[in-house]
Amino acid sequence: MEYNFSEIEKIAREKWESSNIYKVENNSTKPKYYVLDMFPYPSGAGLHVGHPLGYIFSDIYARYKRMKGFNVLHPMGFDAFGLPAEQYAIQTGQHPEITTKKNIETYIQQLKKIGFSYDWSRQVTTCEPSYYKHTQWIFLQLFNAWYNTKKEQAQPIADLISVFETQGNKGVSAACDDTVLKFSAEEWKSFPPKQQQAILMNYRLAFQKESFVNWCPALGTVLANDEVINGVSERGGHPVEKKKMAQWFLRITAYAERLLKGLESLDWTESIKDMQRNWIGKSIGAMVSFPLKNHQEKIDVFTTRVDTIFGVSFLVIAPEHDLVQQITTPEFKEQVEAYVKMCASKSDIERQAEKVVSGQFTGAYVLHPFTQTEVPVFIADYVLAGYGTGAVMAVPSGDQRDYLFAKKFDLPIIPILDAQQNLEQEADATKEGKYINSDFINGLNYADATALLIQKLEEQNKGYGKINYKMRDAGFSRQRYWGEPFPIYYDKDDIIYTVDEEKLPITLPKVESYKPTGTGESPLATATDWVTQFGKDTRMETDTMPGYAGSSWYFLRYMDPENEHEIVSNEAQAYWQNVDFYVGGSEHAVGHLLYSRFWHKFLKDIGKVNTEEPFQRMVNQGMIQGVSKFVYKYFPDIKISNQTDVFEEFSNLNKLVNNLIISREFIVIENEKLLLKDLSYFERVLTDKYPGFVNYLNLNNHKINIDDIKIRKFHVDINYVKNDILDFERLKAEDINYKDAIFITEEDGNYYCGSEVEKMSKSKWNVVNPDQIIEQYGADVFRMYEMFLGPIDTAKPWDTNGISGVSNFIRKFWRMFFDDFGKQRWIENQASQDELKILHKTIKKINEDIERLAFNTCVSTMMIAVNELSKLKTVSVATLSTLTKLIAPFAPHTAEVLWLKLGNSTSIVDADFPTHDEQYLVESSFNYPIQINGKHRNNIELSLEATNEEIQTIVLADEKIKKFTDGKELKKFIVVKGRIINLVVSE
RNA sequence: GCCCGGGUGGUGGAAUGGUAGACACGCAGGACUUAAAAUCCUGUGACCAUCGCGGUUGUGCGGGUUCGAGUCCCGCCCCGGGUACCA
């Protein structure tokens, strides 16, 4: 009986489904283990071969853990809100819900074919009201919370209000906007509700503020940052401008320190942790106040190099800085206004792309806090309004940007450290050496100077030590249809109200059109009844939440997916705790992973979860790339003059000339240009095949000149290519573009394609569909081959040709059980010593490799085991049973069916994973490699019990070894037991 | 610029400081077959060789540590990813 995967898969699947074997309970005497995949966005294109890589990886681990005796939670769901569905809705008018559901169906069908051990009863879908009800609930909690920086925890906003009522906001330690003014309890009570509301917005963890969006008038819509390229819209290339709109934000900055500290406890790769650290961007520095000359105001500056303060020769503030208007002196007013206007007209990207130093003097001066020297104040666009205080103290000798600015405006460059070099050419940011030109810190080193300066600043009330974070609060508003509506409405005075929790979910309304409204509002604004659902004089918030709202907590929902009353019950969460093993792409390193960590910490603060971090261990799978194949089209640059006499011939030749496709052998790449390699050979081939063509060229006295030849490569559908050989006959028959193509083949008659590794995508014609692979080779071969490709975390190209190796292996595996006629091959007697040795060696290696997540070598190890066992005459049933269990996580269908055939009535899913017995691995001798001066010369089988003296005697007596030692002095004789022997002799 | 990864045969890759290239693809040759498919066997880094003894060389480049380095250290080069007027 041949290995018949379709029958095998059917039997296994039916068995699993009828017994509901992947259903997981929220309680067990077994220890829990939570294995999670990053849930996918269900796109219309379906899965390609690259998508399931991580899913297969985590599934193997989940199955392994289950066999090792854990109660394993391994769910799957869909991140179903998002732009592509909305885009499709705009084009077709179809409700995104319909297309999303359809896509999810396709995904589920595809995923089920691969044999994952998902508990589908726990599926979550973020766009379903039963799910986003809870997303909205979390938003309300964020809205009703502030962050107490002293206690390092979120607290109810009601507590803050009562503090305001009793003592005002003095002495409140809260994460809030720096701009909040101090007020007393009496003042608070006297504020009108609207003002109170505005003040509270500075404290809430979900808050609203005026903020700039990318407004595209031509498209009538607000664009996300990645939809804007070089200041114009990605689609259509229309200009984009900054528009101020009230936007929702989440105060993730309140959690900056905890997000940073929490990384230490996580078992993630350092590179992902580094990305998060960089994103959070903690910098320790100082705030310094520079009082303005002839003004009450002062300019506050944040600096990480307070030690350079005596090198300050000017101040630069952002053009958007609040003080610009006030401090500009009349004589500079015109220039300053012009400069500000110019900056405002530029997009952020343009501003950043600008490499030329620009700026404008304001006419104002500040006083140096220590020396009282007058320091000029400039505005320049290299200073960002959004970072720090929007002002920098410029130290040209220590900062390259300041240096360039100083050169341009002829400002002093003051050396401040004796170790600074090359100041004639560039700034030197060193912290080495002793200070010079620096008043009371002269002669000190960096650490001492910094400490002393901060102390003085604080004593004299001129500044203080401060920690700054690069991370910004997270924008939470989208002017889109396909997202969670906010549970927020406004009255006619724009006072904000929250929707009662009992009234959740606020579901999306039906709308006429998903197109942008043209006003910047989301399409929800057109649903009048919906907008006024809480009263005629009220209006709903019409923005929707961004994609990360639903994905920031979905892993909790799997624990208790049916719960209508709360996001997750305390019992379910207490049982499952958090994710033990998270698998997904590193492209979510900062977005999803940072937001999820933030929400999780917040949920911990409000008592919904009892763990600080959501994902304990994480593995990031590398991308599977496509191998694109190319054909080379040849365009000889032939000037055609008067052709009337040869018109007929010409039309044929013209056809020929425009359809010549030449094999890669004829091509050479020089300076990224494709050229003909060997003109004479090519000409000969052409002459043989198409004499007319060459005649034509001669006819016109036109010799082919290598410079005139243009070759361009074109992607060709990889389905026409095997081992680089193009099936051009089939291509010509099936693809209209190649109907008239003439393929110039190589000497063996084959057309060889060019090949390149690229991202897998439709447009590159290199997409491999898993359904196709599974149809041809079966799900188990597909699973094992994906693992066999290489280590999980590196990017690697997909090459379908290689799959035959794994396919051969699994058939060979099957043949150990059954001969070609389906007759069982195993014998009931005991396993032989040879067998046991092979088996236990294999068990040991597979256990080790699974633990270190090297599933590629697991597959190799099984191949080796099967190769070795196949050489034995007989294999016992015990050995086959153990092998079946070993392969079960990797090839579950095959293993399940073999398990049945071996006479088991249970499922292999719940079998115990084999462990090795050291006694079978004990060797009595070892075939030592013998090195002389580090070079391998011979191998000698030696007893492992032999003493070093005995070994030395035998080795030195060996004929081959003698050849190298004769007449030389033996300096050293090294025996590494069971490993190697190395002789050191004189040269 | 800065921060991470990574450079090993024709290809994917393997290798606790201990025989570099396991395993597999591809390729070449052979067996079985009328033939093909399937299966099995042999060979396969490069170079040299009196091609069944063997030798030289070889893990991006240059040094170093070590009896011994793909692996550890120092200095470069190249590729990939992230990030940036962040004060």
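Proteins come first, then strands; the chains are lettered A, B, ... in the order of their sequence lines, and each starts at number 1. Just so it is clear, the model here is predicted, and its values are computed rather than measured. Worth knowing before you read on, the calculation uses all heavy atoms, side chains too, and leaves out hydrogens, waters and symmetry mates.
- Distance Phe809(A) CZ to A24(B) C1': 12 Å, rounded to the nearest Å.
- With contacts defined as side-chain heavy-atom distances shorter than 4.5 Å, the pair Val357(A)/Tyr403(A) does not qualify.
- Residue Arg852(A) has a polar side-chain atom (N or O) positioned under 4.0 Å from OP1 or OP2 of A15(B).
- Using a 4.0 Å cut-off, no side-chain N or O of Lys282(A) falls inside it from OP1 or OP2 of C86(B).
- Comparing the C1' positions of A28(B) and C67(B) gives a spacing of 41 Å, expressed to the nearest Å.
- Asn278(A) has no side-chain polar atom (N or O) that falls below the 4.0 Å cut-off from OP1 or OP2 of C2(B).
- Rounding to whole angstrom units, CG of residue Asn620(A) and C1' of G5(B) are separated by 12 Å.
- You'll find that the side chain of Phe788(A) is closest to C23(B), out of C23(B), C86(B), U19(B).
- Using a 4.0 Å cut-off between charged nitrogen and carboxylate oxygen, Lys841(A) and Glu868(A) count as a salt-bridge pair.
- Taking the charged nitrogens against the carboxylate oxygens, Glu270(A) and Lys273(A) do have a contact shorter than 4.0 Å, which makes a salt bridge.
- With A87(B), C40(B), C67(B) as the choices, the nucleotide that has an atom nearest any side-chain atom of Thr303(A) turns out to be A87(B).
- Considering only the side chain of Ser283(A), A87(B) comes nearest among C25(B), A87(B), G13(B).
- Taking syn as a glycosidic angle within 90° of 0, C74(B) does not qualify and is anti.
- Using a 4.0 Å heavy-atom cutoff across all strands shown, Ser586(A) reaches no nucleic acid atom at all.
- Taking a cutoff of 4.0 Å between a charged side-chain nitrogen and a carboxylate oxygen, Asp958(A) and Lys960(A) do not qualify as a salt bridge.
- Note: NE2 (His936(A)) to P (A20(B)) measures 7 Å, nearest angstrom.
- Phe378(A) has its ring centre less than 6.0 Å from the ring centre of Phe405(A).
- Asn939(A) has its CG atom 13 Å from the C1' atom of G18(B), to the nearest Å.
- Rounded to a whole angstrom, the distance from the C1' atom of U11(B) to that of G63(B) is 33 Å.
- Its glycosidic angle being within 90° of 0, G9(B) falls on the syn side.
- Between G82(B), A87(B), G18(B), one nucleotide has an atom nearer to the side chain of Met275(A) than all others, and that is G82(B).
- With P as the reference atom, G68(B) and U57(B) are 16 Å apart, rounded to whole Å.
- Side-chain proximity of Leu789(A) to G12(B), U56(B), C25(B): nearest is G12(B).
- Side-chain proximity of Lys812(A) to U83(B), C40(B), A15(B): nearest is C40(B).
- Straight-line distance from the NZ atom of Lys466(A) to the C1' atom of A87(B): 14 Å, rounded to whole Å.
- Looking at heavy-atom distances under 4.0 Å, Ile864(A) makes contact with sugar-phosphate atoms alone, never a base.
- The side chain of Arg277(A) contributes no N or O atom lying less than 4.0 Å from OP1 or OP2 of C4(B).
- A salt bridge between Glu257(A) and Lys282(A) is present, with a side-chain N of the basic residue lying under 4.0 Å from a carboxylate O of the acidic one.
- When the C1' atom is used for both A24(B) and U71(B), the distance is 24 Å, rounded to whole Å.
- At the heavy-atom level, Ser860(A) lies under 4.0 Å from base atoms of the strands shown.
- The nearest heavy atom of RNA chain B to Asn927(A) and to Ala391(A) marks one nucleotide each, and the one closer to the 5' end goes with Asn927(A).
- What separates NE2 of His588(A) from P of G82(B) is a distance of 13 Å, to the nearest Å.
- To the nearest 0.5 angstrom, Glu426(A) atom CD is 5.5 Å from Gln400(A) atom CD.
- Using bins of under 30°, 30° to 60° and over 60° for the plane-to-plane angle, the ring pair His368(A)/Phe310(A) lands in the parallel bin.
- Residue Arg815(A) places at least one side-chain N or O closer than 4.0 Å to OP1 or OP2 of C40(B).
- The nearest whole Å value for the distance from the NZ atom in Lys841(A) to the C1' atom in C23(B) is 12 Å.
- Phosphate contact (OP1/OP2 of C86(B), side-chain N/O of Lys470(A), threshold under 4.0 Å): absent.
- Among the candidates Ile981(A), Val984(A), Asn948(A), the single residue satisfying the side-chain contact (heavy atoms from CB on, under 4.5 Å) test with Ile974(A) is Val984(A).
- Residue contacts for Asn468(A): at a heavy-atom cut-off of 4.0 Å it reaches no nucleic acid atom on any strand shown.
- When all heavy atoms of Ile252(A) and Arg472(A) are compared, the pair lying nearest together is CG2-O, 3.4 Å.
- Classification of the Phe817(A)-Phe813(A) ring pair by plane angle, with boundaries at 30° and 60°, yields tilted.
- With a 3.5 Å limit on both pairing distances and Watson-Crick or G-U wobble geometry required, the stems of 3 or more pairs in RNA chain B span B:1-7 with B:77-83, B:10-12 with B:23-25, B:26-31 with B:39-44, B:45-48 with B:54-57, B:60-64 with B:72-76.
- Contact annotation: Arg811(A) side-chain N/O to U39(B) OP1/OP2 distance is under 4.0 Å.
- Residue-to-nucleotide contacts include a donor-acceptor pair under 3.5 Å from the side chain of Asn982(A) to the base of C67(B).
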Could you run down the sub-3.5 Å N/O contacts of the protein with nucleotides 46-54 of chain B?
residue : atom : partner   : partner atom : Å
G54(B)  : OP1  : Lys960(A) : NZ           : 3.1

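- Residues Phe290(A) and Lys462(A) form no side-chain contact, since every pair of their non-hydrogen atoms from C-beta on lies 4.5 Å or further apart.
- Both Val590(A) and Ile272(A) lie near RNA chain B, and the one whose nearest nucleotide falls closer to the 5' end is Ile272(A).
- If you measure from atom CD1 of Ile792(A) to atom P of G12(B), you get 18 Å, rounded to the nearest angstrom.
- Checked against G12(B), A14(B), C85(B), the side chain of Pro791(A) finds its nearest nucleotide in A14(B).
- With U39(B), G18(B), C23(B) as the candidates, the nucleotide lying closest to the side chain of Asn808(A) is U39(B).
- Residue Lys935(A) places its side chain closer to U57(B) than to any other of C67(B), C85(B), U57(B).
- Of the candidates C3(B), C25(B), U56(B), C25(B) carries the atom nearest the Asn801(A) side chain, counting heavy atoms from C-beta on.
- Figure legend: cation-pi geometry between Lys431(A) and Tyr446(A), with NZ or CZ positioned under 6.0 Å from the six-membered ring centre and within 45° of its axis.
- If you check every strand for non-hydrogen atoms under 4.0 Å, Val976(A) touches a base.
- Look at the P atom in both G21(B) and G58(B): the space between them is 16 Å, to the nearest Å.
- Here the two rings, on Phe5(A) and Tyr777(A), have centers that are 6.0 Å apart or farther.
- The base of U16(B) is paired with the side chain of Arg979(A) by a donor and an acceptor separated by under 3.5 Å.
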